[in-house]
Each structure stands twice: as structure tokens, then as C-alpha cells.
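Okay, structure first, notes after.
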Amino acid sequence: MTASTEQLSIDAARTYLLARATTRDVPLEVYAQRANSTSVKAFGGEVSEFKLQARQGVGVRALVRGAWGYSFTENLSRPALDRALDDAVENAELAAPEAGAALLAWGEPPSVDLYGEGLSGVGVDQKVRVALELEQAAMNADPRVKSLPYGQYVDSDREVLIGNTQGLTRGYKALHAMVAAYPLVSEDGQNKMSGDWQFTREFTELDPTRTALSAVEKSLALLGAKPAPTGTFPAVITGECLAELLALFSPMFSGKMVEEGKSPLAGRLGQGIISPLITLVDDATLPRGLQSRAFDAEGCPSAPLTLVEGGELAAFMHNAQTAARAGVTSTGHADRMGYQGTVGVGYSNLHLQPGATPEPDLLRGLTGLKLTGVSGGHAGADPITGDFSLQAEGFWVEDGVVAHPLEVFTVAANILDLLGRVEAVGDTVEWTNWSVGAPMVRVAALAVGGS
Amino acid sequence: MTQTVGTDSLLDQALAAEVLHLARAGGADFSELFIEDSLNTTLRTLQGEVKDATGGNLFGAGLRLLYGTRVVYAYTNDVTPRGLRDLASQVARAQGGRGEVARDGAGGLDFRRVDAPPLYVARQHPLAAAKRAKLDLMRRAHGGAAGVGFVRTVDVTYLDRVQRVLVANSEGLWAEDERVYTRLIVRAIAQDGTLRETGMYGPGAARGLEFFEEKIPEEIGEEAARIANAMLHAEYAPAGKLPVVIGNEFGGVIFHEACGHILETTAVEKNASVFADKMGQKIADACVTAIDDGTIPGAWGMVNVDDEGMPAQRTVLIENGILKSFMVDRVGAMKTGYARTGSGRRQNYTFAPASRMRSTFIDNGTQTPAELIAGVKHGIYARKMGGGSVTPGTGDYNFAVNEAYLIENGEVTRPLRGASLVGNGAQDLMNIVGVAGDLSLGQGMCGSVSGSIPTDVGQPHILISEITVGGRA
């Protein structure tokens, strides 16, 4: 490897790889991605960190005797691309053949504009101003704000190209800007931190002051916490918190997890699995969704998919291969973590549909818990069983009125039991930066571990 | 795949000097170039069949500028002379395009190589080993778990990574390193009717495949199966504040999450650490001595040089309860005034380095695990921990227990499922009241501001007098 080798563009790399594969008679899929991004952090009234990112690479997937072999490279010189192709073929020769493995030339995808006016003509100075304004607004909001240790502006200009030796070539561009603020607040020796964020496809829509104020408000609300009781209580769960739980348990709806015996929903299509008040949808075509895409990682066109309708399990998410094995067609949920990943199954913009109950009515008469957040899900939530036991953040509610925040405590349940106990669903969907949304719900009982 | 492991530098010295100078054209005090060429392999078997076979080549350059303590970082995959010059001009312009010449003029840099002989040299280099040999290790691990007790599903992952890096900076530092990592992870799922439980065990090392002569693949599988079976018919854990005995090896994740992260200058410098002003003070019971060590040969958290080009160190964080040192990187040293500890680490070229843990552990005490358990009337024995996380500003942390038992009248009785532990690092550190003498290290990936990096956690068995257990019973 030397630093003087010529590097191709991702488009030229795709063309080169598909031509080489055709010559060698290897069925091949190419997934190429380029992203340019800027992030700015402010601390103490000045820019503390400024990051310019330009990253690109190609991932290939070869189909040899019914088995997939993968490889990727960020070195886009011709010798490195040849090596990636060789590696993919070698890996395919090791792998077990998979029923339903095929490269397909899909129909036309829907038109989804993810680029807009966006960041064209937005200078570095403007981005820096947003980061500074974010920090200043947080610091000025209240004397109890100690600092904004985690706050930043981030944007991204991204292009994805897909091609395969069946003749498929397509691509899209997506653009976004966002701000996030997590202020540290302190009173009487107690430190608390919560936050808020804003995601937009148009730079001019960013409102850093509003995000900062909301983040401060959420953090301050946690001050004055008292020990949580231990026991089982009725509860409301905010949309943001429920969305975090849904994100953790989304693998249950994956056709891949089902066939690997890792979903508790296997074999339950058409059955009532949770409260009839709940309808769960995944829709990649939302213009303002965080994970919107006109087609999935295999190039299959996107369309909305209802996973749970009125409490009944209506569908699983599939890519081409899991669909073939389940005897259905792809739902456009082939997913990969960029060019480095392998093709799996994943949601795009997963959301629980709003219900009919205004939020104040959900709290009416409640003496119990208002759960606003959970953390530690990568370890404390098991999508194979649905069980979770998580660090929680929330408030004690006394006869419908929020009484005080609670010191660190835990909540534990099985997600399907919990969703089965939903008594009312709020009318406003809140989105999280996991690209999952939900309204507030009220549940009959939730186990709390406190002091 | 067989590949020659090259000894050529990743970059020509004259080009490096030119890029480091160009980057400082906006008036930066310091510039640093990091170049990486990494090759990795990931193989996964499910029920013994190869499900995923992948791997690839990370290849890029990162450029860091310091203006005082302000950081400008940029990276690209275009590691050509033109690409690197463009990157340097771009970062220089990002500071307003003042076009100033760096203060030390435009002359060449007289690079000095860092003299840090490797702490460990792999005998069976992953790039020299056939993939079939790696698959054999996986099949052996699968065999250790398959069909044991109620185990119905076995998922094995093999990972290796060879990361070649170059760090060059405007002070004339020139450090090159090759890091070799191998790891085998077994997940066993036990099933009995509708009951289901997962057991996971995943040791790794900064060694070649010879690691698996010591850590026998069959035994890795057996351990995953043992945990899944032990927990399958467990009752739900009680909830509330209880005394807890935490097992050795991966049990050290408690110190990692609860205290380790807030002893990194990344947290200290922002005043986002409860330990920021506690140097020299008592922050734990006298039975607690904690160390962060980058110099253990072949350990998963070992660093020959850190990602700022500084040779590894062993850093005593807490000695007999007294706070002795933070983990300090270059910017952390500038901001806090504490000396660098060789703790500047990053996942890859896409991250600027930050102060991070290496092999972090509570050192041996004088008691035995049995003595610790005997002292508990009603509590939990957390034998195997899962992962966890911490909010740096508050020190509030959580983690999952993968294998737990009830302790009644000084004896381990029934298995418990669904236990998690939550608490506050600074408080719970004071509650460690007993430390046994069976120190052992466990391996994990630690995610933070500079990405996901291999770190060891570790401890002997310890007794915490009181901690919040999140169960349901």
C-alpha cells in the first residue's frame, strides 16, 4: 500500500467492479457510499471542536454456488478493488449456500426527495454560529446550567449507489442538518443531564435556541429528585421513552430473526399479540424521516408496511432472501451498516400510530409513574425474549399531577406484556433520533426497582 | 488469504512534513497526521454453518490541528499526495483562511522515531492464517456448546483485525505501529418450552491465533452453554437496595462504567466528572486499588504506542482508596495540567484521539470469594455481568447481570434472571467493602467520543454493601 496510488470515484469504482465481475462470470452486487459531513462543538463561548469528514468506500457481495461472500474497501485504487472482488469470491466459497439467494433487477422506486435546498451555499461561518448560539442559549437559560458538555451541530451530504450484474443501477442523495444539546444542570450538589435535538433537511429550519431551551427545561425538571419506591405501579410512558423501547425490540419484527429462531413472534402472524389499541407501521417514504430511502440496500423499492394492526401481528420485515424463504416477496427492508456491513433486515422509520386520547387525559387520576426515559438497552433488553430491566428516568405522579422527579431507579417487564397492558394511547407522536416514533401511552402496571 | 505484512512506511516523510506544514497555514499551534491501513475478517456461524463471511480494508488519513486547546479534525479516504494536500488546505481554511505561515517557518521536519519495541509479537499472524483455520476454531467452539443441556441454538463469531498506523506530528514525532486483535464470541440459546435464555462468552486478545492455544475454543463454547442453562429456569430477581457480590473477570465492568469513564480527562476537563477536584483525596474504601494498564503483553487493551504516538504506561488511578491519577491525553493534559499517561486512543482514522481506558481493573485484595459471600445475609451474587453505560455528567450508571444468584444467610441459593444494577459511581465506590484475591480480566468493546475500542475490564470478586437491583419480584 502506498499513498500515491490513484483513487477512483465511487461511481467509477462501481462500474469497474461490475465490469470485472461480468468478465469473470461472477454474479456481484456493489453498494457504494460517499458522505461529506461537518460537525461543530462549542464550549465556553468558543468552538472547541470542528470536524470535516469525507468518507467513501464500496462493499461487494458475490454469489457463488448459492452462497454469499462479502468484502469492502475504502482504498479505491484498481488493485484494491480487485482484491475486494477476490476476497468476496473466497468468502462465498467458505459460506453455506442459502435458499433464496439471488440478485434481482427490481422495478422503479418511488420518488422521494431527500435532498431539498439543504446545505447548498451554507458557509462554515453559519454552521459555527449555530453551534455557538446553541451553547449560549443553554448557558443563558438558567443559572443552574453548569455547562453544555454534549452539544453540537452536525450536517451530512450523502450519496448511495447500488448496482448488480443483473443490470440494476440506481442511487440517491440525502442531506440533513441537526443540532443536539445535553446540558449539565446542578442544584444542592445534585447533577442532572437530559437533552433535546432537532433534525431537518433544510438548514434554515434549524432553531438552536429552541432546542437549547427545551433541553435545559428537560434537565432542570430532573432536579430535586427523591428516591423511587419499589413495587408495581400504574404508569404513563412518554412517546420518546416508548420509542426507545420499540427501537430496542424492533428485531422481533425481522424476518431474519424469525427464521433464526430469535423472535418470540415467530409463528404468530394473524394473532393478537398486544393491546388492540396499538398499530405499528414502518415507512421509508416519509419525506422527513431520519432513515427515509427510496429503495433498500438491495435496491428494492420502498413502501409503507403495517407490522401490527389493532394489536394483531400483520407482517414481518423482509429482504429478498428472507422473503423467498418465508414464501413472500421482499418488503424492502434489506438493511446494511453502510459498505462495511452485511445485508440483514432492519426498519427505516418505525412508528406507533397516534391514538385518540389527549395527553392530559392519560394522566387523569393516575397515582404512579411517569416514565420519561430508559438507558442501558444494549445490555439490559433482550429482543430474543422480550424481557428488559433498565435504568430509568421519570417522575412520581400523585392523582394526575406530576409531584417530583425520581432518583435513579429501574423498570422491568416483558415488552409484549407491557404493550398488552396499554389502556390508552395519546394523540401526538414523538420521534427519537433512533428514527422511531410513538405517542404517550398509559399502562396498568409496571415493576419499579427503587430504594 | 495470505498476505505479506509490509514493513514499508505508510507515507513518505517529506510528504508528511509538507502536509503538517500546510495544515498550519491558518495559525495552528500543532498539527498531527494519522494514517491507517486496517484489514479485518468477520466470520459468523449459526448452528455450525457459515452465515456471514466478510471483511475488508479501512484506509484513510486523519489530520488534527490544535489552536490552543481548540481541536480541528478532518479525515479523508483519498490518501494520495493530492488528496492529503487538499485536506490540509481545507482544514487550514476552516479557521477563517487567514493564510498565516506556521510560526516555525516552512522548513522540513526532522522526524524522530518513537522508540517503543512491541510489547508482544503475534506468532500466528491472522493475515498469514488460512480462513479454514479460523473456521476450525469456530467449529470447535460450536462443539463445546451445541446440545449441552437445553442449548438449542449456537451462534459463533470470529473476528480479527490488523491495524497498521502512522502518527506524525509537527513536533517531529514519527510513530508506526501494527496492532493485531483476535476474538471468538459464542452465544448459546437454551430453550425449554417457551422459556429461553442466552449465555454469552467472548474472550479476545491483542495476539495472533496462538491465543486459542491458551483459551481453548471448546471451553469458550462450554462457558456460554453453562450460563444459558444456569439461567434458563431462574426466577426473576428481587428489586430494591441490596448487598451484591460481583464476580471476577467481566465483573470489572462495574468499575469501568461507574468510575473509569469519569477518570478520563475527556470528562474531567469539562468539569463533567464528580472526581474533577478530588485528586489526592479519599474516594473509595481503603480496600480499593484500581489500575489502568496499557503494558500487559498481548492483552486486549494493550497499546505499544497510543494513537498520539506515546509509548504505553501503567497508571495507578486509585491507591488504597486515594485518587492518584486520571487517564490523560494530549488535549486533556493541556486543559487539566496533569501529565499525559499514554491514554490517547481512537477507533480509527475517522476519530480524533481522546483519553480512553486500556486494561482497567481493581487490584487483588486479601479475602476469598467464599468469605465475601458468607458475609451477606440477603443479597445477590452477580457472577457474570453484561454490558453497561454511564452518564458522565452525573456518574449514574446501569448494567445488566447475565448470571445471577440469590444469596441467603451467606450461601448462594437460587438462580435469578432479569437483574440489572443501577447506581452512582462516586457513591458506590465508597460502598466497595470487600475485595478478594482472584483478579482476572475480561474483554469488551468500549464506546465513547473517539469510537469503539478494545478494552479489558477486570477485578477479583468484590462485595458492595448496597446497590440498587432492578428486578421484578
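Quick note on labels: first sequence line is chain A, next is B, and so on, each numbered from 1.
For the set A:Ala84, A:Ala447, A:Ser375, A:Gly69, the count of heavy-atom pairs under 4.5 angstrom toward chain B peaks at A:Ser375. Annotation: maximal heavy-atom pairing with chain B below 4.5 Å, among A:Gly57, A:Ala413, A:Ala88, A:Ser451, occurs at A:Ala413. Ranked by non-hydrogen atom pairs under 4.5 Å with chain A, the options B:Ala400, B:Gly240, B:Gly55, B:Gly386 are led by B:Gly55. When the candidates B:Thr350, B:Val469, B:Thr153 are compared by the number of heavy-atom contacts under 4.5 Å with chain A, B:Thr350 comes out ahead. In terms of non-hydrogen atom pairs under 4.5 Å with chain B, the most contact-rich of A:Ala381, A:Ala412, A:Gly449 is A:Ala412. Among the candidates A:Thr232, A:Thr342, A:Asp86, A:Val60, the residue making the largest number of heavy-atom pairs closer than 4.5 Å to chain B is A:Thr342.
Between A:Arg55 and B:Tyr75, some side-chain heavy-atom pair lies under the 4.5 Å cut-off. Counting heavy atoms from C-beta on, the side chains of B:Leu135 and A:Leu94 come closer than 4.5 Å. Between A:Asn91 and B:Lys131 the shortest side-chain heavy-atom distance falls below 4.5 Å.
A salt bridge links A:Glu260 with B:Arg44: at least one charged nitrogen is closer than 4.0 Å to a carboxylate oxygen.
With a threshold of 4.5 angstrom between heavy atoms, B:Arg417 approaches chain A through side-chain atoms but not through N, CA, C or O. Only the backbone of A:Phe409 comes within contact range of chain B, with heavy atoms under 4.5 Å apart. In this structure, the portions of A:Ala95 lying under 4.5 Å from any heavy atom of chain B include both its backbone and its side chain. Only the side chain of B:Asn40 has a heavy atom closer than 4.5 Å to any heavy atom of chain A. The part of B:Ala419 that comes within reach of chain A is its backbone (N, CA, C, O), which places non-hydrogen atoms under 4.5 angstrom from that chain. Contact of B:Tyr349 with chain A is made through the side chain alone, with heavy-atom distances under 4.5 Å. Of the two parts of A:Val448, only the backbone, made up of N, CA, C and O, holds a non-hydrogen atom closer than 4.5 Å to a non-hydrogen atom of chain B. For A:Ala92, no part sits under 4.5 Å from any heavy atom of chain B, backbone or side chain. Contacts of B:Phe399 with chain A are absent, with no heavy-atom separation under 4.5 Å from either backbone or side chain. Interface remark: A:Ser48 contributes backbone atoms only to the contact with chain B (heavy atom separation under 4.5 Å). At a 4.5 Å heavy-atom cutoff, the contact between A:Ala96 and chain B is made by backbone and side-chain atoms alike.
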Worked verdict on B:Thr468 versus A:Glu407 for side chain to side chain contact (heavy atoms under 4.5 Å, CB included): CA-CA 11 Å; B:Thr468 301; A:Glu407 278 173 11; over 6 Å; no
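To the nearest 0.5 Å, atoms CD (B:Glu269) and CZ (A:Phe43) are separated by 8.0 Å. Taken from CG in B:Leu65 to CZ in A:Phe50, the straight-line distance is 11.0 Å, to the nearest 0.5 Å. Rounding to the nearest 0.5 angstrom, the gap separating the CG atom in B:Asn57 from the CD atom in A:Gln340 is 10.0 Å. Atom CG of B:Asp78 sits about 9.0 Å away from atom CG of A:Leu76, to the nearest 0.5 Å. We find the CD-OG1 distance between A:Gln7 and B:Thr76 to be 8.5 Å, quoted to the nearest 0.5 Å. Here the straight-line distance linking atom CG of B:Leu58 with atom CG of A:Asn75 works out to 11.0 Å at 0.5 Å rounding.
Counting non-hydrogen atoms of other residues, nucleotides and ligands closer than 6.0 Å to CZ of A:Arg268 gives a total above 12. The environment of CD in B:Glu49 is sparse: at most 12 heavy-atom neighbours from other residues, nucleotides or ligands sit within 6.0 Å. Atom CZ of A:Arg336 sits in a crowded spot, with more than 12 heavy atoms from other residues, nucleotides or ligands closer than 6.0 Å.
For A:Tyr339, there are no ring pair (Phe, Tyr, Trp, His ring centres under 6.0 Å) partners, not counting sequence neighbours. A search for side chain to side chain contact (heavy atoms under 4.5 Å, CB included) contacts involving A:Glu46 returns B:Arg70, not counting sequence neighbours.
No donor-acceptor pair under 3.5 Å is formed between the side chain of A:Lys51 and the backbone N or O of B:Val71. Remark: side-chain polar atoms of B:Asn77 are not paired, donor with acceptor, to backbone N or O of A:Glu74 under 3.5 angstrom.
Taking 4.5 Å as the heavy-atom cut-off, none of the residues of residues 32-41 of chain A approach chain B. Within residues 382-393 of chain A, the residues having any heavy atom less than 4.5 Å from a heavy atom of chain B are, in residue-number order, A:Asp382, A:Ile384, A:Thr385, A:Asp387, A:Ser389, A:Leu390, A:Gln391.
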